[in-house]
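Take a look at the following structure, please.
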Amino acid sequence: MTDAPRLRPSLLDALFAPARGLPGVGPKMAPLIEKLLGTEERPARIVDLLFHLPQRGIARPLCGAIAEAPIGEAVTLGVTVSEHRPPTGGRRAHRVLVEDASGDVSLVFFGMPKARVEKMLPLGSHRYVSGRIELWEGYRQMVHPSRVIDEAGFSDLPAVEPVYGATEGLTSRAISRLAHAALDKLPVLPEWQDPAWLKANGLMPFADALRAEHHPEDAPPPVAEGQAPPQTPARRRLAYDELLASQLALALMRARARKKPGRANAGDGHLKERIEAALPFALTGAQARAVEEIRADMASDKRMLRLLQGDVGSGKTAVALLAMASAVEVGRQAALMAPTEILARQHFERLGPLIGALRIRLLTGRDRVAERRATLSDLAEGNIDIVVGTHALFQDSVVFRDLGVAVVDEQHRFGVHQRLALGAKGEAVDILVMTATPIPRTLALTFFGDMDVSVLDEKPAGRQPIKTITIPVERMEEVVAGLHRALHAGDRVYWICPLVAESEFIDLAAAAERFDDLTKEFGTTVGLIHGKMPGPEKDAAMERFASGETRVLVSTTVVEVGVDVPEATIMVIEHAERFGLAQLHQLRGRVGRGAKPSSCLLLYRGPLGQVAKARLEMMRETDDGFRIAEEDLRLRGEGEVLGTRQSGLAAFRLARLESDGDLLEVARDDARLIVERDPGLRSERGEALRVLLYLFERDAAIRLLGAG
Ligand code: ADP
Ligand code: MG
């Protein structure tokens, strides 16, 4: 028996209502809210406002002495008004001299009625003034103080005020008011956390935590201005809720994937032997180990869910092939999915010569109708052993006779649901996902839960280290001269033009222009490839470069992932300061694949910001993908490290892995226990946990509960 899929509990309806329905939102404000919190797929909702947490700002700063107040910075001073100098014929400004025990400063007002200035700052009165002090002809002055208040007003100021990430036209104050209106809509929610754990960690209920974050004036003041938001108990509570939701969703998916016993895909090894003999190299120790782990996993009757992690160039493809061979040995089929046409085609062409009599086919979105029809029917009838393809493999029309294993290459480009879709194309399909993006442990946990992991921590022998050099763009001519020499010596060169603008078309223009320049320099040996090219043209451009017909390939970042041309030894990256670390590392990994020494030239335009400088230094310093990934996480935050935006995996909204990473493992253990004890989430806490999953929109996992 299966339950009907449950819908979101009506309890949460109020939170998922559009934010523009809140009181006080008029036609002018509504589009601003959408701009700040809406997405293409959905309007900004009340829950989005609630999860848009403020930083803390200081509203009632400490007062300083006039003589010690730093010039040019915002200060608040407690002063006594000693003299008024209203505008006269020659002077337009109304000056008010104020003093404290340490010195004096003149407050300057332009175009303000005399009566108003005098009322605001009566002679002899004590006032608090905030603003920036500047020096004018050697005297201290403050032009148009941002705030002038009396004793009573000062003590009414909140100690701290919330400061929201705002958008043009929508101020932090306005967002604060909206957040308060949103808090009024918060229903009474059941407690989904273990009460004992909350108590032990001194954490408050979810609703209290949200209120505390949006009303920081009631909470203890921050440590200092300009610091990252402190880890208040409220923030920790919210972070933990979000992390638990994500880990629980993963644990549920995993439990379901493992529930049906897998099938043993234990081949006798005859294909493996044949393929190993056909490979032009011997496996590295790491490759051999990974193959053993994977094949042992496949041979067991548990279902395999394994991540193969290996830096660029570590040789994941050969491992994938030997894994697929295991399923084919027992008469089942294997699928290898790549994120781009170029990669799918490259895999297809590489595997062909290695697999002898096995029947292999390519399936991409580009196939002609008749071709596609033939492939689909051959897959369904079992006339194909290995299919290599792109997203096209997910489509409903793709049916296998008996899929044994699915390998997903460069998996971070795909969303979780896509991985599941492929796994659903057969009975208890073994799944191997491969990634070249070295994933720090915290991130691996986030996205894969406790998936098994094999690591290729060794590169094929004979690889030369890549020499990395940073060069200011002003020295482009020297670079070009150097390329003349290199091309003369038979080298092949990638020349990467970055994404310069939001619009891909502008980027293309930049790449096309560079292509023209370099063609003038080097003639017909220069090729061009970019993302907007029709597929066959892309293939042809790649093919010409791989065969050596062209020897300089100007490219937008389409070559980033996976492309393998061992003869290429020089990588030039223009505007390297605009790339993230992981991306630079990926790009650099395109060279250094053969026996010849390679180099990577990072061209930058100065002056460099701090982060860009740190990145380029890191690139020069190390070739170790794991170190680079950790550093990348530190520099950028977790959201972008995996390119999550492209893959549709939402980054966390409340948790920050840099500071809440320690909670991730706790959440994982907690989730595992929950699923062990209450796999259907039917207990009282289970019901509350369902609310949590819906709240953080991890409810895809709930649908699996019924379908088990
Ligand atoms: P990645 O892990 O980045 O996907 P590939 O599978 O594309 O790496 O392999 C990179 C290059 O290294 C390819 O040219 C491949 O033929 C070669 N290669 C793979 N394994 C070995 C090995 N054990 N010895 C020598 N070269 C190898
Ligand atoms: Mg690869």
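Counting starts at 1 for both ligands and their atoms, in listed order. Here the structure is a predicted model, which is why all the values come from computation and not from measurement. Hydrogens, waters and symmetry mates are skipped; everything else that's a heavy atom, side chains included, is used.
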Atom indices of ligand 1, in the order listed, that fall short of 4.0 Å to a heavy atom of G315: 1 (P), 2 (O), 5 (P), 6 (O), 8 (O), 9 (O), 19 (C)
Given T284, V407, V291, the one that forms side-chain contact (heavy atoms from CB on, under 4.5 Å) with V319: V291
Nitrogen or oxygen of T317 less than 3.5 angstrom from that of ligand 1: yes
Test item, A282 contacting ligand 1 (heavy atom, 4.0 angstrom): yes
Name of the residue among E371, E341, E537 meeting salt bridge (Lys or Arg N to Asp or Glu O under 4.0 Å) with R366: E341
H575-E577 side chain donor-acceptor pair, cut-off 3.5 Å: yes
Proximal ligand 1 atoms for T284, defined as those under 4.0 Å from one of its heavy atoms: 23 (N)
Option set G310, P566, G313, criterion heavy-atom distance to atom 3 (O) of ligand 1, minimum: G313
Nitrogen or oxygen atoms of P460 and ligand 1 under 3.5 Å apart: no
Between T435 and Q309, a side-chain donor and acceptor under 3.5 Å: no
Residue R593 vicinity, atoms of ligand 1 by number, heavy atom under 4.0 Å: 3 (O), 7 (O), 10 (C)
R372 versus S397, side-chain donor and acceptor atoms under 3.5 Å: yes
Those atoms of ligand 1 less than 4.0 Å from some heavy atom in L283: 23 (N)
Side-chain (E567) to main-chain (G548) donor-acceptor, under 3.5 angstrom: no
Minimum heavy-atom distance V552-L518, with the two atoms named: CG1-CD1, 4.4 Å
Region of R350 that comes within reach of ligand 1 [heavy atoms, distance under 4.0 Å]: neither
